[in-house]
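Some notes on the structure that comes next.
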Protein chains: 2
Amino acid sequence: MKKTDINSTEIAKLAGVSRSTVSRVINNYSNVPAETREKVLKVIQQYNYFPNVSAQVLAGKRARTIGLFLIEQGNVSGDMLTNMLIVSVIEHASEHGYYVLTHIIRDAKDTEMIKNVKEIFFQRRIDGGIFIGAAIHEPFIEELIDEGFVIGIVDQTLSDHPEPNRIVSKFNNDSGMKQAVAYLAGLGHSKIGVINGDMNRLSGQTKYEGYKTAMRMCGLQVNPNWVLNGDDFHERSGYKVIQKLMSQETDLPTAIIAANDSVAFGAIRALKEHKLRVPEDLSIIGFDDHALSEKHHPALTTIRVDFSDMLKRMTSCLITKIEQKTLDIKEITVDCSLVVRESCRRI
Amino acid sequence: MKKTDINSTEIAKLAGVSRSTVSRVINNYSNVPAETREKVLKVIQQYNYFPNVSAQVLAGKRARTIGLFLIEQGNVSGDMLTNMLIVSVIEHASEHGYYVLTHIIRDAKDTEMIKNVKEIFFQRRIDGGIFIGAAIHEPFIEELIDEGFVIGIVDQTLSDHPEPNRIVSKFNNDSGMKQAVAYLAGLGHSKIGVINGDMNRLSGQTKYEGYKTAMRMCGLQVNPNWVLNGDDFHERSGYKVIQKLMSQETDLPTAIIAANDSVAFGAIRALKEHKLRVPEDLSIIGFDDHALSEKHHPALTTIRVDFSDMLKRMTSCLITKIEQKTLDIKEITVDCSLVVRESCRRI
DNA sequence: CTGAAAGCGCTTACAG
DNA sequence: CTGAAAGCGCTTACAG
């Protein structure tokens with residue numbers, strides 16, 4: 001039943017024009033009279049003709065595809081947040097008529113994997129790419145930028161990176177931490193600990209810096225015993241870090257701010273195992289407002305970040321840049337705000 | 001800094017051979033002496049050359065890209081299951097050296113959206129596609145199959161669809177329902193209701209059929225009042241259906257089997273609002289073993305389905321078929337098994 | 001074993 | 001307003 005592939009030559013013949021004209025119609029050239037246009041369009045419709053995208057790209061058009069690169073060692077598949085990120089990019093790209101090729105980078109240190117990523121760009125499969133989960137300095141991404149590819153990086157600053165083909169989005173973690181500490185201080189807490197995330201990531205660092213600043217602003221002491229260094233932003237990290245804390249003979253803080261909600265879940269799980277209740281015995285605040293936070297027991301008080309909106313903006317900026325339109329904003333800033341639920345109590 | 005794009009002509013020149021030979025090396029032709037091969041490869045490495053994929057495709061190679069189409073009206077982004085599905089396909093395709101273009105179909109009835117989907121195939125962006133969430137009979141998918149595209153459909157049977165380019169995966173819902181009913185019967189339940197899912201989907205129908213059969217096998221009566229017809233497979237549907245049941249003056253069942261876990265969550269939420277506890281007042285069994293089911297309160301007893309494995313197999317089959325290798329299995333059957341947790345009690 | 005040449009299906013200056 | 005032609009970067013029979 002397969003219709004033998006029809007091409008522009010066929011369409012031209014059927015419409016009684018040249019391939020040039022067919023192409024002009026497809027590409028909306030203004031110098032085609034309405035009549036001719038209609039005639040050609042009719043044939044195109046009728047024969048269900050869609051121009052071969054490879055031929056178009058080879059002839060100089062864009063692939064209208066962007067790459068979405070998720071750098072995640074572990075269980076990408078388990079996290080709802082990841083899903084939201086993927087879907088946000090897909091849907092917003094789709095609004096601009098772009099497609100997205102999603103790629104997972106399990107290990108940004110693996111040469112083979114990096115080669116695969118580069119290949120995607122050099123093969124011209126995509127017009128640009130968005131990276132999520134990258135370390136502060138990721139050499140292979142820098143190379144791609146040097147090569148002139150349009151690159152969006154989540155959780156980075158522009159600061160000393162003036163390349164016009166770099167787009168970044170950064171989180172206002174400073175503000176988030178200030179809100180968290182202020183809220184806890186307001187509840188009467190002064191013994192406030194923190195669980196750090198991945199310090200190779202910008203958010204890992206800015207959250208910790210934000211925490212220290214916020215504590216100082218509130219006139220509170222940072223107790224080094226309560227600065228818990230997690231490995232990453234996952235549940236397990238929060239769990240491990242609390243286990244370690246409990247195994248030591250130190251005083252406990254009355255409240256802990258976790259690097260994100262997943263980490264907070266892990267921390268709460270560990271606390272439970274030690275018969276410590278949240279918030280009765282210890283207050284916990286997370287970051288992100290993960291889809292589960294609301295349903296968690298206890299419902300998690302957290303600093304909400306609108307990832308969906310961020311990715312929407314990032315996707316738009318990327319596409320704007322790809323299409324060479326002038327792009328004024330190349331740094332997207334994402335604000336955050338406290339969501340009070342049930343994991344903190346007044347003392 | 002952007003290296004001006006290097007192409008096969010350049011490589012040929014640098015290696016002192018013809019473009020033909022460069023191409024032969026790239027495509028692993030056997031008739032290239034090791035020496036020549038090394039020489040060319042060295043230059044390729046050195047100049048970071050990757051063949052332009054559009055040119056390759058235009059010249060007759062495959063795009064090495066598959067499409068993943070998710071048909072989902074509502075909140076695709078909220079569901080962890082969806083995420084797992086996406087990631088499974090991406091990772092398994094990646095193992096075969098394929099990329100995946102993910103596309104979301106919000107409304108399979110929308111002509112514009114359907115046109116977009118067809119376009120992806122006709123433009124030759126992809127070598128084949130996998131559809132998840134399709135109705136039993138989806139005309140536009142049938143058209144694509146008629147056109148000869150290699151298509152994988154999740155939750156369909158092959159039965160009277162003998163096309164060689166159709167691959168399906170079906171769930172053994174019959175077995176799942178038998179296990180669910182048997183388990184409940186074993187706990188002493190005889191008043192067992194069911195919440196149906198989307199009856200336009202194969203699983204919607206087979207689950208209901210399976211339920212009826214299983215009840216009969218166990219010598220139990222199906223009470224029509226306890227056959228609750230949900231709209232789809234989402235949380236809200238389970239909620240609505242229970243609200244409706246409670247607003248009627250009918251006897252309640254002692255146990256309910258939900259079309260899937262999300263529906264079960266919704267049902268439990270509604271029951272809670274009516275001060276009915278699970279499992280004390282009513283037992284509930286779900287389907288899927290959603291990532292949340294374990295963490296749910298109460299932890300949900302469910303029929304586990306290994307989606308990840310299914311998609312892995314489907315992806316492999318699709319790619320095998322794309323590469324024209326002989327494909328013996330074109331129908332993947334997925335078994336399921338009861339996972340006992342805390343949402344059912346003995347009566 | 002290897003090169004010259006045709007061809008894949010488009011787009012777009014160029015000329016009229 | 002429109003067609004003939006060159007060109008995009010590959011692959012692969014074909015001929016040697």
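Here the structure is a predicted model, which means the values were calculated and not measured. We name chains A, B, ... by the order of the sequence lines, and we start the count at 1 in each one.
- A donor and an acceptor atom, one from each side chain of His92(A) and Ser316(A), are nowhere located under 3.5 Å apart.
- Atom name C1', nucleotides dG16(D) and dT12(D): the rounded distance is 16 Å, in whole Å.
- Between Ser23(B) and dC10(D), a side-chain N or O to OP1/OP2 separation shorter than 4.0 Å is absent.
- With a 3.5 Å ceiling on both atom-pair distances, the Watson-Crick or G-U wobble partner of dG16(C) is dC1(D).
- Nearer the 5' end of DNA chain C, as judged by each residue's closest nucleotide, is the contact made by Ser18(B), out of Asn52(A) and Ser18(B).
- In summary, the side chains of Thr65(A) and Arg125(B) do present a donor paired with an acceptor at a separation below 3.5 Å, with no hydrogens or angles considered.
- Asn28(A) has its CG atom 11 Å from the P atom of dT11(C), to the nearest Å.
- One N or O donor and one acceptor, one from the side chain of Arg24(B) and one from the base of dG3(C), sit under 3.5 Å apart.
- Among the atoms of the strands shown, none is found under 4.0 Å from any heavy atom of Ser54(B).
- Ranking dT11(D), dC10(C), dT11(C) by closeness to the Ile26(A) side chain, first place goes to dT11(C).
- A salt bridge does not link Arg19(B) with Glu10(B): none of the charged nitrogens is closer than 4.0 Å to a carboxylate oxygen.
- Between Asn27(B) and Gly16(A), the one whose closest nucleotide on DNA chain D sits nearer the 5' end is Gly16(A).
- Between Thr21(B) and dG3(C) there is a side-chain polar atom (N or O) within less than 4.0 angstrom of OP1 or OP2.
- Phosphate contact (OP1/OP2 of dG9(C), side-chain N/O of Tyr49(A), threshold under 4.0 Å): absent.
- In this model, the phosphate group of dA4(D) is not approached by any side-chain N or O of Ser20(A) to a distance below 4.0 Å at OP1 or OP2.
- In this pair, Phe149(A) and Phe121(A) present their aromatic rings tilted. The plane angle is within the 30 to 60° band.
- Contact annotation for Asn7(A): backbone-only contact, meaning every heavy-atom pair under 4.0 Å involves sugar-phosphate atoms and none involves a base.
- In this structure, Thr9(A) does not reach the dG9(C) phosphate: none of its side-chain N or O atoms is under 4.0 Å from OP1 or OP2.
- No hydrogens or angles considered: nothing links the side chains of Tyr99(A) and Gln123(B) as a donor-acceptor pair under 3.5 Å.
- For the pair Tyr29(B) and dC1(C), the criterion of a side-chain N or O lying under 4.0 Å from OP1 or OP2 is not met.
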